Amino acid sequence: MSQQIITRFPPSPTGYLHLGGARTAIFNWLYARHTGGRFVLRIEDTDVARSTKESVDAIFEALEWLGIDWDEGPYFQSERLDIYKAHIDRLIENGHAYYCTCSPDAVDRMREAAKARGDKPRYDGTCREKNLPWTKDAVVRFKSPLAGNTVVEDVIRGDIAFSNTELDDFIIARSDGSPMYNLAVVVDDITMNINTIIRGDDHISNTPKQILLYQALGATVPDFGHVPMVLGPDKSRLSKRHGAMSVTAYREMGFHPDAMVNFLVRLGWSHGDQEFFTRDELIEKFNLEHIGRSAGVFNPEKLLALNAEHIRNASPASLALHLMPFLQAKGISAAEDAYLHGVIETLQPRSKTFVEMADGAGFYFVEKPVYDEKAAAKFLKPDLLVPMKQLTDAVSAMEAFTEKDLEDIFKQVMETSGLGFGKIAQPVRVALTGKTVSPGIFEMMLALGREKVVSRLRDAVAHMAQNSG
RNA sequence: GGCCCCAUCGUCUAGCGGUUUAGGACGCCGGCCUCUCACGCCGGUAACACGGGUUCGAAUCCCGUUGGGGUCACCA
């Protein structure tokens, strides 16, 4: 029986969830879902000074928006201090760790000295063999092996060997007894049965230390997979100066979470030439074998194009949920009904974001469209009064309000007036929307419904008559 | 600086020794479609960082160079 894959996402709540973090969360979540495994959420808040409740909430909010759910947790490291303490004590007892009373200043000095000699700045092992007892200012250090190699068997990069001489006796517990990152992660991953760790490659140099900790604790080393980082357009690490970094900022800009997920996954993972993936397709096809090894540049234009494609392909009903907040932000109170769905359908092919869609939806929800001055001057001129009136009367007299019948009416008007379709459509467009740009005439009329169409046409006719002097 | 990672069009990438005149996508540039704007469709632009090997044959394997990135905390 093969064991179930158990992955995790362990953000530290020191800010919002950024794009890189979101991507590793998605990778882990996807891998768990793909394999029928479990996905654990853990908040790494051992750094009390930098961790905030706001950040925790922001992370939950971002994950929820992305549609990433977890099977276990959230665990908080701050609530697991006793567990770390027990493991630290065990390491001291079995000789894998020791108390060190060297002051921070003293350690700084040895680092400076080592640097001056051209060596790697590191702790020199002063207290390593002293077998010191606990004292108030003592930290606990891990006793790293002095020779040999530790190799990371990375599932996406292959074996990476580190000489143990590169590692110094790193601190695993602060003088106040709280655990340091490497210790806490390893203890958590052991006790939570995590067997697959997918994370950013900025963690790669931590990995040998963690492997040593696993071994010292007598635990099975999990599979590690280090994914490349997400870079800004200038190919440097993504940071604030590159603009929006926070995942939720993209929600505000009108992006569809599925597009965001699709984009982030495709940045570093591939399935042949396929670019567009639904959520289910991703779960079905995602694997570790096709994760790339080189860093990727975040490309907002591609995200935008992908977003437009997701909007085009989604059902109006599912889009309605996402669109609602943007409508409200514009003061539009729309009900979640068939009318809204019809409106959305006409807007789908011409909206790259929900912001654009909400902008385009405005005229559907007003009592009377506001005429754009230039548009009205150009198209609602008296010379079209007759055909427009004919059209209006015909529409109001229609038996069934169908596209076919509307087309017939237009044909009749074209015949009697001798005008081309465009000559008539443009004034109708202005009458219905107030603008010269809109969805197609017939689909729009159908979405608006006969009542609104007739009343707007009548208003336009009145406007034209009034201006005929 | 030590250690580690990486290297195909501007960007995301396919390619896992021969089927490649290196494919797709975004962007950009033409054109078609057309009731506006879009969508869609057709075409074009553009890359294997460099140098050595290995091999009958290399974008694909090895080494080096160069260039980028990461990491060296009582942060995570």
Side-chain angles (χ1 to χ4, degrees), chain A residues 10-14 44-47 49-51 77 100 103-104 107-108 111 114-115 118-123 137-141 152 154 157 160-163 165-168 170-182 184-185 200-208 226 228-229 231 233 235-237 263 266-276 289-290 292-306 308-309 312 346-352 356 360 375 379 410 420-430 433 435-442 444:
Chain A
S12 59
T14 54
E44 311 221 320
D45 57 351
T46 53
D47 184 355
R50 297 200 303 152
S51 300
Q77 289 189 326
C100 166
S103 70
V107 176
D108 280 347
R111 289 210 180 90
K115 240 177 167 171
D119 289 344
K120 182 187 170 74
R122 65 211 310 271
Y123 175 67
D137 294 321
V139 297
V140 179
R141 287 183 183 277
V152 178
D154 194 294
R157 284 165 203 271
I160 305 167
F162 291 85
S163 168
T165 58
E166 282 295 314
L167 280 22
D168 67 353
F170 56 94
I171 295 174
I172 56 176
R174 302 183 181 93
S175 49
D176 66 1
S178 63
M180 287 286 287
Y181 168 73
N182 283 121
V185 186
D201 66 8
D202 50 331
H203 280 292
I204 202 156
S205 52
N206 277 321
T207 312
H226 290 91
M229 317 214 75
L231 270 27
K235 303 210 179 191
S236 73
R237 191 179 190 147
F263 173 78
R266 198 53 244 277
L267 180 56
W269 174 83
S270 63
H271 182 75
D273 285 337
Q274 189 172 347
E275 300 281 350
F276 181 91
E289 291 81 68
H290 289 95
R293 291 157 315 248
S294 53
V297 173
F298 174 76
N299 180 188
E301 285 181 329
K302 187 140 186 175
L303 169 60
L304 189 64
L306 207 46
E309 198 173 348
R312 255 179 271 133
T346 68
L347 264 15
Q348 276 176 279
R350 57 206 102 225
S351 306
K352 289 189 192 304
E356 282 185 23
F379 296 109
F410 269 77
F421 186 83
K423 282 286 179 200
I424 299 168
Q426 225 32 18
V428 170
R429 190 183 312 284
V430 176
T433 71
K435 296 170 294 189
T436 53
V437 172
S438 83
I441 290 293
F442 299 121
M444 193 163 60

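Every value quoted in this text rests on a predicted model; they were computed, and no experiment measured them.
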- Note on the structure: Whichever of F162(A) and G422(A) has the more 5' nearest nucleotide on RNA chain B, that residue is F162(A)
- Message: Go nucleotide by nucleotide along RNA chain B from the 5' end; which of R157(A) and R237(A) gets its closest nucleotide reached first?
- Response: R157(A)
Which of the following nucleotides, [options], is nearest to the side chain of [X]?
X: R293(A); options: rC6(B), rG15(B), rC5(B); value: rC6(B)
X: D201(A); options: rC75(B), rC5(B), rG23(B); value: rC5(B)
X: V297(A); options: rA76(B), rC12(B), rG2(B); value: rC12(B)
X: S294(A); options: rG27(B), rC6(B), rG70(B); value: rC6(B)
X: H203(A); options: rU13(B), rA76(B), rC4(B); value: rA76(B)

Rounded to whole angstrom, note down the [atom1] distance from [N] over to [M].
N: rU60(B); M: rG43(B); atom1: P; value: 30 Å
N: rC62(B); M: rG10(B); atom1: C1'; value: 31 Å
N: rG40(B); M: rA49(B); atom1: C1'; value: 39 Å
N: rU21(B); M: rA59(B); atom1: P; value: 10 Å
N: rG24(B); M: rC32(B); atom1: P; value: 23 Å
N: rC12(B); M: rA46(B); atom1: C1'; value: 15 Å
N: rC3(B); M: rG18(B); atom1: C1'; value: 39 Å
N: rG70(B); M: rC28(B); atom1: C1'; value: 34 Å

Do any side-chain nitrogens or oxygens of [X] fall under 4.0 Å of OP1 or OP2 in [N]?
X: S205(A); N: rC72(B); result: no
X: R111(A); N: rC72(B); result: no
X: K235(A); N: rA7(B); result: no

- Task: Using atom CZ of R122(A) as one end and atom P of rA73(B) as the other, report the distance to the nearest whole Å.
- Result: 11 Å
- Query: To the nearest angstrom, how far is W269(A) atom CH2 from rA25(B) atom P?
  - Reply: 18 Å
- Query: Given side chains that start at C-beta, do those of T207(A) and H226(A) come closer than 4.5 Å, heavy atoms only?
  - Reply: yes
- Query: Is the closest side-chain heavy-atom distance between R350(A) and V437(A) below 4.5 Å?
  - Reply: no
Is [X] touching bases, backbone alone, or none of the nucleic acid, heavy atoms closer than 4.0 Å?
X: K120(A); answer: base
X: G200(A); answer: nothing
X: T46(A); answer: sugar-phosphate
X: D168(A); answer: nothing

- Item | Value rounded to 0.5 Å, distance of CG in L231(A) from CE in M229(A) | 8.0 Å
- Task: List the steps and the verdict of side chain to side chain contact (heavy atoms under 4.5 Å, CB included) for K302(A) and L267(A).
- Result: CA-CA 10 Å; K302(A) 187 140 186 175; L267(A) 180 56; over 6 Å; no
- Just wondering, are more than 12 heavy atoms of other shown residues or ligands nearer than 6.0 Å to CZ in R111(A)? yes
Using both distances under 3.5 Å as the test, list the Watson-Crick or G-U wobble partner of [N], or none.
N: rC41(B); result: rG31(B)
N: rC48(B); result: none
N: rU20(B); result: none

- So, is the end of the R429(A) side chain (NZ or CZ) under 6.0 Å from the ring centre of F379(A) and within 45° of the ring's axis? no
- Is it true that the side chains of S178(A) and R174(A) contain a donor and an acceptor less than 3.5 Å apart? yes
